[in-house]
Amino acid sequence: QAKSNGRHGVCFFDPTMQAALLAHVKLEADLRQAQENRQWILYYQPQVDHLGTITGVEALLRWQHPERGMVSPGEFIPLLESMELINDVGEWVLESACCQLARWAQNPLLRELTISVNISPLQFRDEDFLSRVERVFARTQVPLYRLKLEVTESLFVEARDEAREKMLALKAQGVRFALDDFGTGYSSLAYLAQLPLDQLKIDQSFVHQVLESQANAAIVESTIALAKSLNLEVIAEGVETEAQQAWLLSHGCHAYQGYLFGRPVTVEAIEELMSVH
Ligand code: C2E
Ligand code: MG
Ligand code: MG
Ligand code: MG
């Protein structure tokens with residue numbers, strides 16, 4: 001809002017707006033620095049089967065900020081998207097995960113593990129996405145059937161046939177696909193059935209309240225049924241209690257991810273977990 005500022009003329013921003021704008025500009029500059037200096041680290045969260053055996057991990061990005069310490073992706077992924085930096089950072093994430101898979105492939109204790117990598121819809125829709133991904137695959141020589149790409153329903157709201165074509169191209173090379181945060185988007189079920197998916201991830205918002213809310217229980221039950229009838233794997237996200245896990249198991253969901261089984265941790269910590277199991 002414009003304010004008259006005596007004989008110095010017009011001041012266009014009030015102080016709080018100016019502070020917010022400056023903070024935003026600083027954050028953008030910090031993010032460019034972060035990409036230049038690779039201030040990124042991948043944490044890995046275990047995914048377990050009904051026996052508690054770790055079958056895979058999800059790669060979750062963290063920003064090691066020089067002053068602020070570890071920053072969570074919720075705070076900076078949207079900004080990376082608006083800055084179009086998501087393509088470069090996303091490539092770093094994919095390459096790091098693929099290098100990890102290639103290393104694990106050498107170790108009998110670790111070589112069965114899968115890694116799930118989150119792909120932003122903007123990153124997936126970028127015209128260079130396929131060629132970038134294929135270059136990463138060529139550089140890392142990764143066993144592609146151990147790689148799962150997590151996409152969300154929002155990818156299929158616009159230009160969905162294009163997205164489907166890209167999925168098919170990657171699928172043909174062995175890559176697998178998970179639909180993340182399932183149930184929170186607006187995609188049509190009819191269309192989802194035509195996608196080359198391997199796994200549905202039940203969103204944590206439904207899992208958290210599964211014992212308290214009839215509605216959430218109904219959503220989780222129908223997601224499990226849908227996965228069965230479409231021949232997809234199903235995994236519950238955000239499992240925090242034994243009671244939630246028991247409920248999920250008794251309703252036919254045999255794969256879980258959540259704090260009950262482990263928080264996102266460093267690669268060393270994952271390897272440690274695997275060697276003691
Ligand atoms: P997501 O892909 O749905 O990942 C699951 C999020 O839930 C993670 O948050 C994880 O730490 C958290 N979580 C797991 N288990 C539990 C639980 O039992 N309770 C609770 N309360 N939370 C749990 P995180 O790491 O902060 O990531 C948030 C989101 O940021 C991710 O949601 C994903 O959408 C995005 N993200 C993370 N890494 C990347 C990345 O490399 N690329 C892109 N494009 N997005 C990413
Ligand atoms: Mg995810
Ligand atoms: Mg999720
Ligand atoms: Mg999410």
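Because the structure is predicted, anything quoted here is derived from the model rather than measured. Whatever order the structure lists ligands and atoms in, that order sets their numbers, starting from 1.
Where the criterion is an N or O separation shorter than 3.5 Å, residue side chain and backbone included, Ile86 fails it with respect to ligand 1. The shortest N or O to N or O distance between Ser72 and ligand 1 is not under 3.5 Å. Considering backbone and side-chain N/O atoms, Gln257 never comes within less than 3.5 Å of an N/O atom of ligand 1. By the 3.5 Å distance cut-off applied to N or O atoms, Gln123 is not counted among the residues near ligand 1.
Both the backbone and the side chain of Asn118 come within 4.0 Å of ligand 1, counting heavy atoms alone. The part of Asp181 lying near ligand 1 is the side chain, judged by heavy-atom distances below 4.0 Å.
Side chains of Phe177 and Leu170 form a contact here, defined as non-hydrogen atoms less than 4.5 Å apart. Between Leu192 and Phe182, the closest side-chain pair of non-hydrogen atoms falls below 4.5 Å.
For the Mg ion (ligand 2), the set of nearby N, O or S atoms under 2.8 Å includes none belonging to Ser116. Residue side and main chain included, Glu237 places an N/O/S atom under 2.8 Å of the Mg ion (ligand 3).
Those atoms of ligand 1 with a heavy atom of Ser120 less than 4.0 angstrom away are 44 (N). Remark: ligand 1 atoms within the under-4.0 Å shell around heavy atoms of Gln45 are 14 (C), 15 (N). For ligand 1, the atoms closer than 4.0 angstrom to any heavy atom of Val93 are 41 (O). For ligand 1, the atoms closer than 4.0 angstrom to any heavy atom of Val239 are 18 (O). Of all atoms in ligand 1, numbered sequentially from 1 with element shown, those under 4.0 Å from a heavy atom of Pro73 are 24 (P), 25 (O), 26 (O), 27 (O), 28 (C), 30 (O), 36 (N), 37 (C).
For the 3.5 Å distance criterion, the side chains of Gln45 and Gln257 qualify, holding a donor opposite an acceptor. Side-chain atoms of Asn118 and Glu58 form a donor-acceptor pair, as typed in the model, at a separation below 3.5 Å. Judged purely by distance below 3.5 Å, without hydrogens or angles, the side chains of Gln35 and Trp92 never pair a donor atom with an acceptor atom. Asp30 and His65 form a side-chain donor-acceptor contact under 3.5 Å, judged by distance and modelled atom types alone.
Here atom 4 (O) of ligand 1 lies nearest to Leu60 when heavy atoms of Leu60, Leu42, Val89 are compared.
For the side-chain hydrogen bond (donor to acceptor under 3.5 Å, both in side chains) test, no residue two or more places apart in sequence or in another chain qualifies with Asn107. For Thr16, the side-chain hydrogen bond (donor to acceptor under 3.5 Å, both in side chains) partners at least two apart in sequence or on another chain are Asp14.
With a 6.0 Å cutoff to the six-membered ring centre and a 45° limit on the axis angle, Arg160 does not count as a cation-pi contact of Phe156.
Each of Val207, Ile235, Ile219, Val239 was checked for a side-chain contact (heavy atoms from CB on, under 4.5 Å) with Ile202, and the lone residue meeting it is Val207. Checked options Arg132, Arg139, Arg38; the residue passing with Glu95 is Arg139 (criterion: salt bridge (Lys or Arg N to Asp or Glu O under 4.0 Å)).
Residue contact check for ligand 1: Arg263 places no non-hydrogen atom closer than 4.0 Å to it. Contact annotation: Gly90 has no heavy atom less than 4.0 Å from any atom of ligand 1. Distances shorter than 4.0 angstrom do not occur between any heavy atom of Lys201 and any atom of ligand 1. Contact annotation: Glu240 has at least one heavy atom less than 4.0 Å from an atom of ligand 1.
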Worksheet item: Are Arg62 and Leu42 close enough, and set up right, to give a side-chain contact (heavy atoms from CB on, under 4.5 Å), and what steps lead you there?
Response: CA-CA 6 Å; Arg62 298 290 180 265; Leu42 282 187; over 6 Å; no
Practice prompt. Tell me, with the steps shown, if Tyr256 and Glu237 meet side-chain contact (heavy atoms from CB on, under 4.5 Å).
Written response: CA-CA 6 Å; Tyr256 322 96; Glu237 289 193 87; over 6 Å; no
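Restricting Glu150 to its N/O/S atoms, the shortest distance to the Mg ion (ligand 2) is reached by OE1. The nearest N/O/S atom of Asp181 to the Mg ion (ligand 3) is OD1. Nearest N, O or S atom of Asp180 to the Mg ion (ligand 3): atom OD1.
The OD1 atom of Asn118 and the OE2 atom of Glu58 meet at the Mg ion (ligand 2) at an angle of about 90°, given to 10°.
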